[in-house]
Number of protein chains: 2
Amino acid sequence: MGIVRTIRQSPLFQSIENETAESLAAHCRQRKLDKARELFAMGDEANAFFIIQKGWIKLYRISKDGEETIIHVFGPGESFAEAAVFSDRKMYPVNAQAVEDVELVEIPRNYFIKKIEEDSRFALRMLGAIAARQHYLVQQLEQVTNRTAPQRIGAFLLRFCQKEPGTKEGSLTVHLPYDKLIISRRLNIKAETFSRALTKLTPYGVEADGRSVTISNPKALAEFCEVDFKDIPC
Amino acid sequence: MGIVRTIRQSPLFQSIENETAESLAAHCRQRKLDKARELFAMGDEANAFFIIQKGWIKLYRISKDGEETIIHVFGPGESFAEAAVFSDRKMYPVNAQAVEDVELVEIPRNYFIKKIEEDSRFALRMLGAIAARQHYLVQQLEQVTNRTAPQRIGAFLLRFCQKEPGTKEGSLTVHLPYDKLIISRRLNIKAETFSRALTKLTPYGVEADGRSVTISNPKALAEFCEVDFKDIPC
DNA sequence: AGCTGGTCTTGATTTAGATCAAGTCCGGCA
DNA sequence: TGCCGGACTTGATCTAAATCAAGACCAGCT
(Lines give C-alpha, C1' and ligand atoms only; values in the text may rest on other atoms or scores of the structure.)
Protein backbone atom coordinates (compact mmCIF):
# COMPACT_ATOMS: atom_id res chain seq x y z
CA MET A 1 0.00 0.00 0.00
CA GLY A 2 1.19 3.52 -0.72
CA ILE A 3 2.45 5.84 1.94
CA VAL A 4 -0.07 8.51 1.10
CA ARG A 5 -3.00 6.15 1.53
CA THR A 6 -1.69 4.86 4.82
CA ILE A 7 -1.26 8.39 6.11
CA ARG A 8 -4.70 9.44 4.99
CA GLN A 9 -6.32 6.47 6.69
CA SER A 10 -4.71 7.18 10.04
CA PRO A 11 -6.99 9.00 12.49
CA LEU A 12 -4.22 11.52 13.00
CA PHE A 13 -4.27 12.75 9.45
CA GLN A 14 -7.67 11.86 8.17
CA SER A 15 -8.82 15.44 7.72
CA ILE A 16 -5.79 17.01 6.09
CA GLU A 17 -5.63 18.32 2.54
CA ASN A 18 -4.37 16.15 -0.32
CA GLU A 19 -1.49 18.46 -0.93
CA THR A 20 -0.37 18.35 2.68
CA ALA A 21 -0.62 14.58 2.78
CA GLU A 22 1.56 14.27 -0.27
CA SER A 23 4.21 16.63 0.99
CA LEU A 24 4.22 14.77 4.27
CA ALA A 25 4.49 11.43 2.51
CA ALA A 26 7.46 12.69 0.57
CA HIS A 27 9.34 13.08 3.84
CA CYS A 28 8.39 9.67 5.15
CA ARG A 29 10.09 6.34 4.71
CA GLN A 30 8.55 2.94 4.36
CA ARG A 31 10.16 0.15 6.33
CA LYS A 32 9.88 -3.60 6.73
CA LEU A 33 10.92 -5.65 9.72
CA ASP A 34 11.03 -9.40 10.14
CA LYS A 35 9.51 -10.96 13.21
CA ALA A 36 11.69 -10.48 16.32
CA ARG A 37 13.54 -7.52 14.80
CA GLU A 38 14.09 -4.43 16.95
CA LEU A 39 12.63 -1.15 15.73
CA PHE A 40 14.13 1.03 18.41
CA ALA A 41 15.52 0.66 21.91
CA MET A 42 14.77 2.54 25.10
CA GLY A 43 16.98 5.59 25.29
CA ASP A 44 17.35 5.96 21.53
CA GLU A 45 16.83 9.44 20.18
CA ALA A 46 13.15 9.81 19.25
CA ASN A 47 13.55 11.01 15.69
CA ALA A 48 10.36 9.55 14.35
CA PHE A 49 7.02 7.99 15.10
CA PHE A 50 5.25 5.28 13.13
CA ILE A 51 2.07 4.05 11.49
CA ILE A 52 1.67 0.31 11.03
CA GLN A 53 0.53 -1.00 7.68
CA LYS A 54 0.85 -4.69 8.42
CA GLY A 55 1.91 -6.85 11.35
CA TRP A 56 2.33 -6.17 15.05
CA ILE A 57 4.82 -4.23 17.16
CA LYS A 58 5.25 -4.62 20.90
CA LEU A 59 6.42 -1.83 23.18
CA TYR A 60 8.17 -3.21 26.22
CA ARG A 61 10.65 -2.65 28.99
CA ILE A 62 13.23 -4.91 30.57
CA SER A 63 13.64 -4.74 34.32
CA LYS A 64 16.98 -5.12 36.08
CA ASP A 65 16.44 -8.82 36.64
CA GLY A 66 15.69 -9.39 32.97
CA GLU A 67 11.91 -9.54 33.16
CA GLU A 68 10.01 -8.16 30.20
CA THR A 69 6.92 -6.00 30.68
CA ILE A 70 4.83 -5.39 27.59
CA ILE A 71 3.26 -1.96 27.68
CA HIS A 72 1.27 -2.19 24.50
CA VAL A 73 1.01 -4.13 21.24
CA PHE A 74 0.07 -2.12 18.17
CA GLY A 75 -1.44 -3.46 14.98
CA PRO A 76 -2.50 -2.43 11.45
CA GLY A 77 -3.73 1.13 11.15
CA GLU A 78 -2.41 2.21 14.51
CA SER A 79 0.25 4.81 15.15
CA PHE A 80 2.63 4.79 18.08
CA ALA A 81 5.51 6.65 19.74
CA GLU A 82 4.00 10.06 19.00
CA ALA A 83 4.39 11.02 22.64
CA ALA A 84 8.12 10.25 22.62
CA VAL A 85 8.56 12.70 19.78
CA PHE A 86 7.18 15.49 21.93
CA SER A 87 8.75 14.66 25.24
CA ASP A 88 11.39 17.06 26.49
CA ARG A 89 13.92 14.28 26.76
CA LYS A 90 13.53 13.45 23.06
CA MET A 91 14.13 9.77 23.79
CA TYR A 92 12.02 6.66 23.47
CA PRO A 93 11.05 5.55 26.98
CA VAL A 94 10.48 1.94 25.86
CA ASN A 95 11.77 -0.68 23.43
CA ALA A 96 9.94 -1.64 20.25
CA GLN A 97 10.13 -4.99 18.50
CA ALA A 98 8.18 -6.77 15.76
CA VAL A 99 6.15 -9.73 17.04
CA GLU A 100 5.10 -10.61 13.48
CA ASP A 101 6.53 -9.53 10.14
CA VAL A 102 5.83 -5.82 9.91
CA GLU A 103 5.47 -3.05 7.36
CA LEU A 104 5.30 0.50 8.59
CA VAL A 105 5.66 4.15 7.70
CA GLU A 106 8.23 6.23 9.53
CA ILE A 107 7.31 9.86 10.07
CA PRO A 108 10.31 12.03 10.88
CA ARG A 109 10.20 14.24 13.93
CA ASN A 110 11.58 17.47 12.54
CA TYR A 111 9.37 17.80 9.53
CA PHE A 112 6.37 16.86 11.55
CA ILE A 113 6.99 19.41 14.27
CA LYS A 114 7.40 22.06 11.62
CA LYS A 115 4.00 21.12 10.28
CA ILE A 116 2.45 21.50 13.71
CA GLU A 117 3.98 24.90 14.18
CA GLU A 118 2.50 25.96 10.87
CA ASP A 119 -0.94 24.50 11.37
CA SER A 120 -2.51 24.36 14.81
CA ARG A 121 -5.38 22.15 13.63
CA PHE A 122 -2.74 19.50 13.32
CA ALA A 123 -1.74 20.13 16.87
CA LEU A 124 -5.25 19.71 18.18
CA ARG A 125 -5.63 16.38 16.37
CA MET A 126 -2.38 15.24 17.84
CA LEU A 127 -3.51 16.23 21.30
CA GLY A 128 -6.71 14.30 20.86
CA ALA A 129 -4.85 11.20 19.71
CA ILE A 130 -2.43 11.28 22.58
CA ALA A 131 -5.24 11.88 25.04
CA ALA A 132 -6.93 8.74 23.75
CA ARG A 133 -3.74 6.76 24.20
CA GLN A 134 -3.53 8.00 27.75
CA HIS A 135 -7.08 6.91 28.34
CA TYR A 136 -6.10 3.45 27.13
CA LEU A 137 -3.22 3.30 29.61
CA VAL A 138 -5.51 4.26 32.47
CA GLN A 139 -7.86 1.45 31.54
CA GLN A 140 -4.95 -0.94 31.27
CA LEU A 141 -3.80 0.05 34.73
CA GLU A 142 -7.25 -0.53 36.11
CA GLN A 143 -7.61 -3.89 34.36
CA VAL A 144 -4.30 -5.35 35.41
CA THR A 145 -4.87 -4.48 39.03
CA ASN A 146 -8.54 -5.28 39.48
CA ARG A 147 -9.21 -8.31 37.31
CA THR A 148 -8.23 -11.93 37.59
CA ALA A 149 -6.17 -13.66 34.94
CA PRO A 150 -9.16 -15.44 33.32
CA GLN A 151 -11.07 -12.17 33.19
CA ARG A 152 -8.24 -10.39 31.44
CA ILE A 153 -7.90 -13.17 28.91
CA GLY A 154 -11.61 -13.17 28.21
CA ALA A 155 -11.60 -9.41 27.72
CA PHE A 156 -8.69 -9.77 25.32
CA LEU A 157 -10.51 -12.36 23.24
CA LEU A 158 -13.62 -10.24 23.02
CA ARG A 159 -11.58 -7.24 21.98
CA PHE A 160 -10.14 -9.10 18.98
CA CYS A 161 -13.16 -11.02 17.83
CA GLN A 162 -13.84 -8.63 14.95
CA LYS A 163 -10.84 -10.02 13.13
CA GLU A 164 -12.78 -13.14 12.14
CA PRO A 165 -16.46 -13.25 11.18
CA GLY A 166 -18.61 -15.53 13.37
CA THR A 167 -19.28 -18.96 11.95
CA LYS A 168 -22.44 -19.88 13.78
CA GLU A 169 -25.41 -18.00 15.09
CA GLY A 170 -24.32 -16.18 18.25
CA SER A 171 -20.93 -17.86 18.40
CA LEU A 172 -17.65 -16.19 17.48
CA THR A 173 -14.25 -17.14 16.17
CA VAL A 174 -11.11 -15.25 17.12
CA HIS A 175 -7.86 -15.70 15.30
CA LEU A 176 -5.13 -14.76 17.74
CA PRO A 177 -2.97 -12.09 16.14
CA TYR A 178 0.26 -13.25 17.77
CA ASP A 179 1.80 -15.89 20.05
CA LYS A 180 0.11 -16.88 23.27
CA LEU A 181 3.41 -16.09 24.94
CA ILE A 182 3.15 -12.48 23.81
CA ILE A 183 -0.49 -12.26 24.79
CA SER A 184 0.24 -13.62 28.23
CA ARG A 185 3.04 -11.15 28.78
CA ARG A 186 0.89 -8.32 27.54
CA LEU A 187 -1.73 -9.29 30.11
CA ASN A 188 0.91 -9.77 32.76
CA ILE A 189 0.32 -13.44 33.23
CA LYS A 190 2.93 -16.19 33.27
CA ALA A 191 2.69 -18.66 30.38
CA GLU A 192 1.66 -21.56 32.62
CA THR A 193 -1.03 -19.51 34.31
CA PHE A 194 -2.27 -18.35 30.93
CA SER A 195 -2.71 -21.89 29.75
CA ARG A 196 -4.65 -22.88 32.84
CA ALA A 197 -6.70 -19.70 32.92
CA LEU A 198 -7.79 -20.30 29.35
CA THR A 199 -9.25 -23.67 30.27
CA LYS A 200 -11.11 -21.99 33.09
CA LEU A 201 -13.10 -20.18 30.43
CA THR A 202 -14.72 -23.36 29.05
CA PRO A 203 -17.87 -22.75 31.13
CA TYR A 204 -18.38 -19.69 28.95
CA GLY A 205 -18.00 -21.62 25.72
CA VAL A 206 -14.36 -20.82 25.01
CA GLU A 207 -12.57 -23.51 23.03
CA ALA A 208 -9.01 -23.04 21.78
CA ASP A 209 -7.33 -24.89 18.94
CA GLY A 210 -3.91 -23.50 18.21
CA ARG A 211 -4.32 -19.89 17.26
CA SER A 212 -8.02 -20.01 16.63
CA VAL A 213 -10.47 -19.71 19.47
CA THR A 214 -14.21 -20.13 19.35
CA ILE A 215 -16.55 -18.51 21.80
CA SER A 216 -19.97 -20.14 21.78
CA ASN A 217 -21.42 -17.93 24.49
CA PRO A 218 -19.97 -14.42 24.11
CA LYS A 219 -22.62 -12.81 26.25
CA ALA A 220 -21.85 -14.95 29.29
CA LEU A 221 -18.14 -14.38 28.72
CA ALA A 222 -18.61 -10.62 28.56
CA GLU A 223 -20.58 -10.74 31.79
CA PHE A 224 -17.89 -12.77 33.52
CA CYS A 225 -15.13 -10.43 32.37
CA GLU A 226 -17.10 -7.35 33.36
CA VAL A 227 -16.89 -5.80 29.91
CA ASP A 228 -19.80 -3.95 28.42
CA PHE A 229 -21.34 -6.02 25.67
CA LYS A 230 -21.65 -2.91 23.56
CA ASP A 231 -17.89 -2.37 23.67
CA ILE A 232 -17.38 -5.59 21.76
CA PRO A 233 -16.46 -4.90 18.15
CA CYS A 234 -18.61 -7.60 16.55
CA MET B 1 -1.44 33.20 45.89
CA GLY B 2 -2.59 35.02 42.78
CA ILE B 3 -3.85 33.21 39.72
CA VAL B 4 -1.27 34.82 37.46
CA ARG B 5 1.62 33.64 39.59
CA THR B 6 0.25 30.13 39.76
CA ILE B 7 -0.13 30.01 36.00
CA ARG B 8 3.32 31.37 35.39
CA GLN B 9 4.90 28.81 37.69
CA SER B 10 3.26 25.86 35.96
CA PRO B 11 5.52 24.09 33.48
CA LEU B 12 2.78 24.42 30.90
CA PHE B 13 2.88 28.18 30.85
CA GLN B 14 6.29 29.07 32.12
CA SER B 15 7.48 30.60 28.87
CA ILE B 16 4.49 32.68 27.86
CA GLU B 17 4.38 36.46 27.75
CA ASN B 18 3.13 38.51 30.68
CA GLU B 19 0.26 39.86 28.67
CA THR B 20 -0.90 36.40 27.61
CA ALA B 21 -0.69 35.12 31.15
CA GLU B 22 -2.84 37.96 32.39
CA SER B 23 -5.48 37.52 29.75
CA LEU B 24 -5.55 33.80 30.47
CA ALA B 25 -5.83 34.45 34.21
CA ALA B 26 -8.77 36.74 33.58
CA HIS B 27 -10.66 33.78 32.19
CA CYS B 28 -9.77 31.43 35.04
CA ARG B 29 -11.50 30.85 38.31
CA GLN B 30 -9.97 30.09 41.67
CA ARG B 31 -11.64 27.35 43.68
CA LYS B 32 -11.40 25.82 47.14
CA LEU B 33 -12.51 22.35 48.15
CA ASP B 34 -12.65 20.79 51.58
CA LYS B 35 -11.18 17.36 52.12
CA ALA B 36 -13.37 14.59 50.68
CA ARG B 37 -15.19 16.97 48.32
CA GLU B 38 -15.72 15.88 44.71
CA LEU B 39 -14.22 18.05 41.99
CA PHE B 40 -15.73 16.20 39.06
CA ALA B 41 -17.15 12.78 38.30
CA MET B 42 -16.42 10.32 35.53
CA GLY B 43 -18.58 11.13 32.54
CA ASP B 44 -18.92 14.82 33.38
CA GLU B 45 -18.35 17.18 30.51
CA ALA B 46 -14.67 18.14 30.47
CA ASN B 47 -15.03 21.90 30.43
CA ALA B 48 -11.83 22.69 32.25
CA PHE B 49 -8.53 21.46 33.52
CA PHE B 50 -6.76 22.45 36.73
CA ILE B 51 -3.58 23.59 38.43
CA ILE B 52 -3.21 22.86 42.12
CA GLN B 53 -2.04 25.63 44.43
CA LYS B 54 -2.41 23.77 47.70
CA GLY B 55 -3.52 20.33 48.83
CA TRP B 56 -3.99 17.04 47.03
CA ILE B 57 -6.45 15.66 44.51
CA LYS B 58 -6.92 12.00 43.72
CA LEU B 59 -8.09 10.70 40.34
CA TYR B 60 -9.89 7.40 40.71
CA ARG B 61 -12.39 4.97 39.29
CA ILE B 62 -15.00 2.80 40.93
CA SER B 63 -15.45 -0.72 39.59
CA LYS B 64 -18.81 -2.45 39.39
CA ASP B 65 -18.31 -4.14 42.73
CA GLY B 66 -17.53 -0.85 44.42
CA GLU B 67 -13.74 -1.12 44.54
CA GLU B 68 -11.80 2.12 44.16
CA THR B 69 -8.69 2.29 41.97
CA ILE B 70 -6.57 5.38 42.37
CA ILE B 71 -4.98 6.36 39.09
CA HIS B 72 -2.96 9.29 40.31
CA VAL B 73 -2.68 11.76 43.17
CA PHE B 74 -1.68 15.30 42.23
CA GLY B 75 -0.13 17.91 44.51
CA PRO B 76 0.93 21.55 44.64
CA GLY B 77 2.21 22.95 41.33
CA GLU B 78 0.86 20.09 39.26
CA SER B 79 -1.79 20.33 36.58
CA PHE B 80 -4.19 17.57 35.65
CA ALA B 81 -7.06 16.60 33.35
CA GLU B 82 -5.50 18.34 30.36
CA ALA B 83 -5.94 15.20 28.30
CA ALA B 84 -9.66 15.01 29.01
CA VAL B 85 -10.05 18.47 27.58
CA PHE B 86 -8.66 17.29 24.25
CA SER B 87 -10.27 13.92 24.01
CA ASP B 88 -12.90 13.49 21.33
CA ARG B 89 -15.46 12.40 23.88
CA LYS B 90 -15.04 15.67 25.82
CA MET B 91 -15.67 13.82 29.06
CA TYR B 92 -13.60 13.15 32.15
CA PRO B 93 -12.69 9.45 32.11
CA VAL B 94 -12.12 9.37 35.89
CA ASN B 95 -13.42 10.88 39.13
CA ALA B 96 -11.58 13.58 41.06
CA GLN B 97 -11.79 14.22 44.77
CA ALA B 98 -9.83 16.24 47.33
CA VAL B 99 -7.84 14.09 49.74
CA GLU B 100 -6.76 17.17 51.72
CA ASP B 101 -8.16 20.71 51.71
CA VAL B 102 -7.40 22.07 48.27
CA GLU B 103 -6.99 25.35 46.44
CA LEU B 104 -6.80 25.29 42.68
CA VAL B 105 -7.11 27.27 39.49
CA GLU B 106 -9.68 26.21 36.94
CA ILE B 107 -8.74 26.82 33.32
CA PRO B 108 -11.73 26.76 30.98
CA ARG B 109 -11.61 24.54 27.93
CA ASN B 110 -12.95 26.89 25.29
CA TYR B 111 -10.72 29.84 25.92
CA PHE B 112 -7.75 27.57 26.23
CA ILE B 113 -8.35 25.78 22.95
CA LYS B 114 -8.72 29.14 21.26
CA LYS B 115 -5.31 30.10 22.59
CA ILE B 116 -3.80 26.93 21.18
CA GLU B 117 -5.30 27.55 17.77
CA GLU B 118 -3.78 31.02 17.81
CA ASP B 119 -0.35 30.05 19.06
CA SER B 120 1.15 26.72 18.10
CA ARG B 121 4.02 27.11 20.59
CA PHE B 122 1.35 26.62 23.19
CA ALA B 123 0.33 23.43 21.47
CA LEU B 124 3.85 22.04 21.50
CA ARG B 125 4.20 22.73 25.22
CA MET B 126 0.93 20.99 25.82
CA LEU B 127 2.04 18.01 23.80
CA GLY B 128 5.23 17.80 25.81
CA ALA B 129 3.34 17.95 29.10
CA ILE B 130 0.88 15.27 28.11
CA ALA B 131 3.68 13.09 26.80
CA ALA B 132 5.35 13.32 30.20
CA ARG B 133 2.13 12.32 31.91
CA GLN B 134 1.92 9.33 29.62
CA HIS B 135 5.45 8.40 30.52
CA TYR B 136 4.43 8.46 34.16
CA LEU B 137 1.54 6.10 33.50
CA VAL B 138 3.83 3.66 31.73
CA GLN B 139 6.15 3.65 34.71
CA GLN B 140 3.23 3.21 37.04
CA LEU B 141 2.06 0.22 35.02
CA GLU B 142 5.50 -1.29 35.18
CA GLN B 143 5.83 -0.69 38.91
CA VAL B 144 2.49 -2.10 39.94
CA THR B 145 3.04 -5.28 38.00
CA ASN B 146 6.69 -5.99 38.64
CA ARG B 147 7.36 -4.87 42.19
CA THR B 148 6.35 -6.25 45.53
CA ALA B 149 4.29 -4.25 48.00
CA PRO B 150 7.28 -3.31 50.21
CA GLN B 151 9.23 -2.19 47.15
CA ARG B 152 6.42 0.06 45.98
CA ILE B 153 6.08 1.58 49.42
CA GLY B 154 9.80 2.22 49.68
CA ALA B 155 9.82 3.85 46.26
CA PHE B 156 6.92 6.05 47.31
CA LEU B 157 8.73 7.20 50.44
CA LEU B 158 11.88 8.02 48.52
CA ARG B 159 9.87 9.98 45.99
CA PHE B 160 8.44 12.24 48.69
CA CYS B 161 11.44 12.71 50.88
CA GLN B 162 12.15 16.18 49.53
CA LYS B 163 9.16 17.47 51.40
CA GLU B 164 11.03 17.41 54.67
CA PRO B 165 14.70 18.27 55.13
CA GLY B 166 16.79 15.48 56.63
CA THR B 167 17.47 15.73 60.33
CA LYS B 168 20.62 13.68 60.64
CA GLU B 169 23.62 12.99 58.49
CA GLY B 170 22.52 10.59 55.76
CA SER B 171 19.12 9.94 57.28
CA LEU B 172 15.87 11.35 55.95
CA THR B 173 12.47 12.35 57.24
CA VAL B 174 9.36 12.09 55.11
CA HIS B 175 6.13 13.73 56.09
CA LEU B 176 3.37 11.74 54.42
CA PRO B 177 1.26 14.12 52.36
CA TYR B 178 -2.00 12.24 52.94
CA ASP B 179 -3.57 9.28 54.72
CA LYS B 180 -1.93 5.89 54.67
CA LEU B 181 -5.23 4.57 53.40
CA ILE B 182 -4.93 6.77 50.32
CA ILE B 183 -1.29 5.87 49.82
CA SER B 184 -2.08 2.18 50.04
CA ARG B 185 -4.85 2.47 47.49
CA ARG B 186 -2.66 4.49 45.21
CA LEU B 187 -0.08 1.72 45.34
CA ASN B 188 -2.76 -0.92 44.95
CA ILE B 189 -2.19 -2.51 48.29
CA LYS B 190 -4.83 -3.37 50.87
CA ALA B 191 -4.60 -1.40 54.12
CA GLU B 192 -3.60 -4.44 56.18
CA THR B 193 -0.92 -5.45 53.73
CA PHE B 194 0.35 -1.88 53.69
CA SER B 195 0.79 -1.88 57.43
CA ARG B 196 2.67 -5.15 57.39
CA ALA B 197 4.75 -4.25 54.36
CA LEU B 198 5.86 -1.05 56.06
CA THR B 199 7.28 -3.00 58.98
CA LYS B 200 9.14 -5.19 56.52
CA LEU B 201 11.18 -2.11 55.64
CA THR B 202 12.76 -1.82 59.10
CA PRO B 203 15.92 -3.64 57.90
CA TYR B 204 16.48 -0.60 55.68
CA GLY B 205 16.09 1.85 58.52
CA VAL B 206 12.48 2.82 57.97
CA GLU B 207 10.67 3.89 61.13
CA ALA B 208 7.12 5.25 61.04
CA ASP B 209 5.45 7.39 63.68
CA GLY B 210 2.04 8.56 62.57
CA ARG B 211 2.52 10.58 59.44
CA SER B 212 6.22 11.09 59.78
CA VAL B 213 8.65 8.47 58.63
CA THR B 214 12.38 8.41 59.09
CA ILE B 215 14.71 6.55 56.79
CA SER B 216 18.10 6.03 58.36
CA ASN B 217 19.56 4.13 55.44
CA PRO B 218 18.15 5.62 52.22
CA LYS B 219 20.81 4.07 50.06
CA ALA B 220 19.99 0.52 51.11
CA LEU B 221 16.30 1.26 50.73
CA ALA B 222 16.80 2.58 47.20
CA GLU B 223 18.75 -0.53 46.33
CA PHE B 224 16.03 -2.79 47.69
CA CYS B 225 13.31 -0.91 45.80
CA GLU B 226 15.32 -0.92 42.59
CA VAL B 227 15.14 2.83 42.19
CA ASP B 228 18.09 4.81 40.90
CA PHE B 229 19.63 6.75 43.75
CA LYS B 230 20.02 9.71 41.45
CA ASP B 231 16.24 9.83 40.87
CA ILE B 232 15.71 10.63 44.52
CA PRO B 233 14.82 14.29 44.98
CA CYS B 234 16.91 14.93 48.08
C1' DA C 1 13.90 -39.78 8.39
C1' DG C 2 15.41 -38.02 13.06
C1' DC C 3 17.14 -34.20 15.69
C1' DT C 4 16.49 -29.57 17.71
C1' DG C 5 14.53 -25.61 19.68
C1' DG C 6 10.58 -23.13 20.54
C1' DT C 7 5.68 -23.11 22.05
C1' DC C 8 2.41 -24.81 24.87
C1' DT C 9 0.34 -27.85 28.45
C1' DT C 10 -0.05 -30.36 32.88
C1' DG C 11 1.17 -31.44 37.61
C1' DA C 12 3.05 -30.47 42.43
C1' DT C 13 4.44 -27.01 45.52
C1' DT C 14 5.22 -22.38 47.33
C1' DT C 15 4.20 -17.70 48.35
C1' DA C 16 2.63 -12.85 48.32
C1' DG C 17 -1.04 -10.73 49.26
C1' DA C 18 -6.22 -10.80 50.17
C1' DT C 19 -9.66 -11.75 53.32
C1' DC C 20 -11.84 -12.35 57.75
C1' DA C 21 -11.78 -10.97 62.41
C1' DA C 22 -10.57 -8.53 66.42
C1' DG C 23 -8.59 -5.07 68.57
C1' DT C 24 -5.96 -0.37 69.59
C1' DC C 25 -5.32 4.37 69.13
C1' DC C 26 -6.86 8.98 68.55
C1' DG C 27 -9.61 13.24 67.63
C1' DG C 28 -14.00 15.39 67.56
C1' DC C 29 -17.93 16.37 69.92
C1' DA C 30 -22.31 16.31 72.65
C1' DT D 1 -16.22 13.29 80.54
C1' DG D 2 -17.35 9.57 77.88
C1' DC D 3 -18.83 7.96 73.55
C1' DC D 4 -18.35 7.42 68.68
C1' DG D 5 -16.30 6.58 64.19
C1' DG D 6 -12.48 6.49 61.32
C1' DA D 7 -7.51 5.32 60.88
C1' DC D 8 -4.38 1.96 61.74
C1' DT D 9 -2.42 -2.50 63.52
C1' DT D 10 -2.06 -7.46 64.47
C1' DG D 11 -3.25 -12.25 63.96
C1' DA D 12 -5.17 -16.49 61.58
C1' DT D 13 -6.56 -18.34 57.42
C1' DC D 14 -7.31 -18.66 52.43
C1' DT D 15 -6.37 -18.32 47.53
C1' DA D 16 -4.73 -16.77 42.96
C1' DA D 17 -0.92 -16.90 40.69
C1' DA D 18 4.17 -17.81 40.59
C1' DT D 19 7.57 -21.13 40.58
C1' DC D 20 9.70 -25.55 39.80
C1' DA D 21 9.62 -29.53 36.96
C1' DA D 22 8.55 -32.49 33.25
C1' DG D 23 6.74 -33.74 29.14
C1' DA D 24 3.81 -33.07 24.71
C1' DC D 25 3.45 -31.03 20.33
C1' DC D 26 4.99 -28.93 16.16
C1' DA D 27 7.95 -26.67 12.46
C1' DG D 28 12.15 -26.21 10.40
C1' DC D 29 16.53 -28.19 9.34
C1' DT D 30 20.31 -31.32 7.89
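Proteins come first, then strands; the chains are lettered A, B, ... in the order of their sequence lines, and each starts at number 1. For clarity, every value in this text was computed on a predicted model and none was experimentally measured.
A 6.0 Å sphere centred on CD of B:Glu223 holds no more than 12 heavy atoms belonging to other residues, nucleotides or ligands. The number of heavy-atom neighbours closer than 6.0 Å to CZ of A:Arg31, taken from other residues, nucleotides and ligands shown, is above 12.
In the region residues 190-201 of chain A, proximity to DNA chain C at under 4.0 angstrom, judged on heavy atoms, holds for A:Glu192, A:Ser195, A:Arg196. Of all the residues in residues 61-71 of chain A, not one reaches under 4.0 Å from DNA chain C with any non-hydrogen atom.
Nucleotide D:dG6 holds its P atom 14 Å from the CD1 atom of B:Ile182, rounded to whole Å. Taking atom CZ of B:Arg185 as the reference point, atom C1' of D:dC8 lies 13 Å away to the nearest angstrom. Atom CD in A:Gln151 sits about 14 Å away from atom C1' in D:dA17, given to the nearest Å. Atom CG in A:Asp209 sits about 13 Å away from atom P in D:dC25, given to the nearest Å. The separation between A:Arg152 atom CZ and D:dA16 atom P is 13 Å, rounded to whole Å. One atom, NZ of A:Lys180, and another, C1' of D:dA24, lie 13 Å apart when rounded to the nearest Å.
With a heavy-atom cut-off of 4.0 Å to chain A, the contacted part of DNA chain C has its first and last nucleotide at C:dT7 to C:dA12.
Ion pairing between B:Lys58 and B:Glu68 holds under the 4.0 Å rule for side-chain N and carboxylate O. Remark: A:Arg29 engages A:Glu106 in a salt bridge, criterion side-chain N to carboxylate O under 4.0 Å. For the pair A:Glu45 and A:Arg109, the salt-bridge criterion is not met [side-chain N within less than 4.0 Å of a carboxylate O].
Between the side chain of A:Asn146 and the backbone N or O of A:Gln143, no donor-acceptor pair lies under 3.5 Å. Looking at A:Gln151, its side chain does come within 3.5 Å of a backbone N or O of A:Thr148 through a donor-acceptor pair.
Evaluation of the side-chain contact (heavy atoms from CB on, under 4.5 Å) rule for A:Lys32 yields A:Glu103 as partners, not counting sequence neighbours.
Checked options B:Arg211, B:Lys54, B:Arg37; the residue passing with B:Glu100 is B:Arg211 (criterion: salt bridge (charged side-chain N to carboxylate O under 4.0 Å, His left out)).
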Name every donor-acceptor pair, under 3.5 Å, that has one atom in a side chain of residues 72-81 of chain B and the other anywhere in the protein, sequence neighbours excluded.
unit_1: B:Glu78; atom_1: OE1; unit_2: B:Gly75; atom_2: N; d: 2.6
unit_1: B:Ser79; atom_1: OG; unit_2: B:Glu82; atom_2: OE2; d: 2.7

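Within the structure, the side-chain hydrogen bond (donor to acceptor under 3.5 Å, both in side chains) test picks out no pair touching residues 200-209 of chain B (sequence neighbours left out).
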